Protein chains: 2
Amino acid sequence: MATASPLAASEAAGPGTMGDVRRSNLALVLGRIAYAPAGVHPSRAQVASATGLTKASVSSLVLDLLDAGVIREVGLSQQGRGRPGVGLELNSARAVLGMEINVDYISAGVTDLTGNLLALETQERDNRPAAEGTVLAALARLAAKVRAEAAGSGVQVLGGGLAVPGLVDAAASRVLTAPNLGWSDVDLDLDALLPDTPLGVSLFNEANAAALAEVRHRPSGSSTFLFVSGEVGVGGGLVIGGELFTGPEGHAGEVGHVVVEPDGLPCSCGGAGCLETVAGQDAIFVAAGIDAEARTRSQSMAVLVQALQSGVPSALSSVERAGRYLGVALASTARVVNIGAVVLGGHFAVIDPWLREPLLASLEKHAPGRLPPDQVTASTLGQAGALLGAAGSVVRSLIDAPHLLQQ
Amino acid sequence: MATASPLAASEAAGPGTMGDVRRSNLALVLGRIAYAPAGVHPSRAQVASATGLTKASVSSLVLDLLDAGVIREVGLSQQGRGRPGVGLELNSARAVLGMEINVDYISAGVTDLTGNLLALETQERDNRPAAEGTVLAALARLAAKVRAEAAGSGVQVLGGGLAVPGLVDAAASRVLTAPNLGWSDVDLDLDALLPDTPLGVSLFNEANAAALAEVRHRPSGSSTFLFVSGEVGVGGGLVIGGELFTGPEGHAGEVGHVVVEPDGLPCSCGGAGCLETVAGQDAIFVAAGIDAEARTRSQSMAVLVQALQSGVPSALSSVERAGRYLGVALASTARVVNIGAVVLGGHFAVIDPWLREPLLASLEKHAPGRLPPDQVTASTLGQAGALLGAAGSVVRSLIDAPHLLQQ
DNA sequence: GGTAATAGTTTATTGCCTAAACTATATGAG
DNA sequence: CTCATATAGTTTAGGCAATAAACTATTACC
């Protein structure tokens, strides 16, 4: 009897203790406060009846959250006969820092706990030739700057998140491989990036972070979708019920390497016929006849958009082909992971007007009814997505585990 | 992913209570006993040091489990100086019933809590023309028979699981659609199938159940893999860390509709170029020149195997093509869900000797290094897989929630 | 100003775990 | 054979977190 222990995951976890109950209920209460509709500030009594906890327990839990500084009381809210309740909301004097390292730029921004962007700094620089130490040092300066800005208006930064365009081992603060940066097995000193915060700095894959940003910031409501990130490579993030599905090894959602043409071109991954070989930025530039070598990436993209607007045939057919094959890959992915909505990011969002029609036609051909047109949307966050997602993810992990702020 | 706390399950709905701690620790202790290596019967003290609970707590928890009848004590195990411990093991006088309804047969079997098959009855019958009530009545008789057999040897059946070849809503005991049975939106009276058990009867998709059976019964150790079920259609089950990943709507793993040839044939799903159009049973029969209309499905499969053994070119090329495209689909799937092992079931297991080589070559071409040959295995469970998986899944849910047996 | 209604706190109780002392049962040395 | 040592399992006291119910606080309405 092969006993592959299904406990493997929880094996590390110790016994359940009463402290777990406390932590679980702290998160339950904080979640009610944090995820209340905008402008609504529930009282202790409302939280109690919504969660099923007693008023006494909620009072005690709320006291802890107030002590930790995660929430604060707002003006009384009278709405009926009796004593008015005291409204509770996330403490807007607390914030997190989002950061991004990409090929052409670095950026750092501060958001409060509800996701509002309070400060943002972007610095254009070619990060490919530089050693990672140099890049991190420049980013640390940028981070210090926005942090000081926030501090100036009385806002305390609790922690941060860094998004990089590559596969990461978040637990080990390690970039496994970031081909476009030329990084491979790089250990990052994240604490140096943002010293002396209670929560520290977490590491994210850029596509995953951008995917998570959509959960909070996109107009439509559903929090289950596939985010497709078009950069030099084609990445993805699978969000299910607001949570990232990362797969057993943490790298799920790699839509870029779905095979769309069995006899297609070789891919950088060693495979052949991957989506990336027809819909990655370089592939689109080549097919459109744009010399990307001579320009920066954002310049090339501008040239492409210009060409599309002018109706240059090679550009149009290049994007048409990318859309068609993107549809093939998304049709397959929708079936495998049973998803009914897609958000296009990166260059796919930029060229969405031209990409959209062939994409929808291809989806209808290969998975009719699965991904209806109104469920295929383009991200509106642009470059800021990864940064917002990294910051938002730190906020989210705080809301899920507020005890991290207690000492 | 907020799976930090062992109580994470309760975080979703109601408040965390002290009873949750008890339940969580009951499952922790029972898991240690249930998933110990075969022949090893840990003592209370060993469970305590393995789980981190105190000896006092373990004693109390074990008492509850003994009262519920889930476990029992076995002979003393002396192994050193001091007082010998009392071994603990799953109670082999308790069992669960697995059942399956398929196109050509119904079956029912009893397994003890460690997965050993104690009794099995299969009845060949064509279930397509019959109303579901007739089929269920026949299955109820079969179930009563094996249950009586078990009772005769002093074994009590605690609950059961039923696998059907179609999409199911397990919570509602409802078969949404089972095309090969001709069922659509059918509510099943599962309790009538197996009356008066403490755990009742649960409903499963056949491919998912078969996938779960592999977790316990396949030789290799890993409990993270994609199970590919080759039947009339091509289904699948995605198992991650021993748990089924069903996706947001419960139907993930549909590998059969990954697009492997953008310009391919139309598929029954309304799409085009799906894997099923080249690797489903019918597609293989047609390409091999076998007239499936004139035979039952199992007869056609026997003819195919015969032809393969004789080296009939059309049969060989048909299977070669199926293997090649299966490789394309699995390469894509491996990337999207980040999986490193595959188990072939259904007809893929039967024709594995001929399928294997083109499949591996195709995998190496499209996803080099991702699914190495030793991680691509064929199921050895055959027809019994679904039944064993359904039963095993009931056992597993019992081990995860032993308090269900307390009153 | 009194009553009803609602918000929030205080107090007593219960459940579950831990720590530490205690009992039980084995091995091995003299 | 007896005693020291070691390990298994139980008993007892204590702490923490939630609940229930009584209590205080603050408002609206008559």
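None of the values given here were measured: they were computed from a predicted structure. Chain letters run A, B, ... following the sequence lines, proteins first, then strands; residues in each count from 1.
Counting non-hydrogen atoms of other residues, nucleotides and ligands closer than 6.0 Å to CG of A:N116 gives a total above 12. Crowding of A:R32 atom CZ: a count of heavy atoms from other residues, nucleotides or ligands under 6.0 Å not exceeding 12.
As rounded to whole Å, 16 Å separates atom P of C:dT14 from atom CE of A:M18. Put simply, CG on B:L66 is 11 Å from P on D:dG9, counting in whole angstrom units. In this structure, the CG atom of A:D20 is 15 Å from the P atom of D:dC16, given to the nearest Å. When the P atom of D:dA8 is taken as reference, atom NE2 of B:H41 falls 17 Å away, rounded to whole Å. Atom-to-atom, CZ of B:R44 to C1' of D:dT10 comes out at 10 Å; the value is rounded to the nearest Å. Regarding B:H403, its NE2 atom lies at a distance of 12 Å from the P atom of C:dC16, rounded to whole Å. The distance between atom NZ of B:K55 and atom P of C:dC16, rounded to the nearest whole Å, is 22 Å. Going from atom CG of B:L88 over to atom P of D:dG9 covers 7 Å, rounded to whole Å.
Between A:S60 and B:R81, it is B:R81 whose nearest contact on DNA chain D lies nearer the 5' terminus. Position along DNA chain D of the nearest nucleotide to A:A56 versus B:S43 favours B:S43 as the more 5'-ward residue.
Residue B:R83 places no side-chain atom within donor-acceptor reach of the base of C:dA26, judged by atom type and a 3.5 Å distance cut-off alone.
Dashed line: the shortest gap from a side-chain N or O of B:S57 to OP1 or OP2 of C:dT18 is under 4.0 Å. Look at B:N25 and you'll find a side-chain N or O under 4.0 angstrom from OP1 or OP2 of C:dC17.
Residue A:V86 is classed as a sugar-phosphate contact, given heavy-atom separations below 4.0 Å to backbone atoms only.
Atom NE2 of A:H217 sits about 7.0 Å away from atom OG1 of A:T111, to the nearest 0.5 Å. Here the CG atom belonging to B:L65 is positioned 10.5 Å from the CD1 atom belonging to B:I399, to the nearest 0.5 angstrom. Atom CD of residue B:Q406 and atom CG of residue B:D67 lie 8.0 Å apart, to the nearest 0.5 angstrom.
Of the candidates D:dA18, C:dC17, C:dT18, the closest approach to any side-chain atom of B:R22 belongs to C:dC17. Nearest to the side chain of A:S59, among D:dG9, D:dA20, C:dT9, sits C:dT9.
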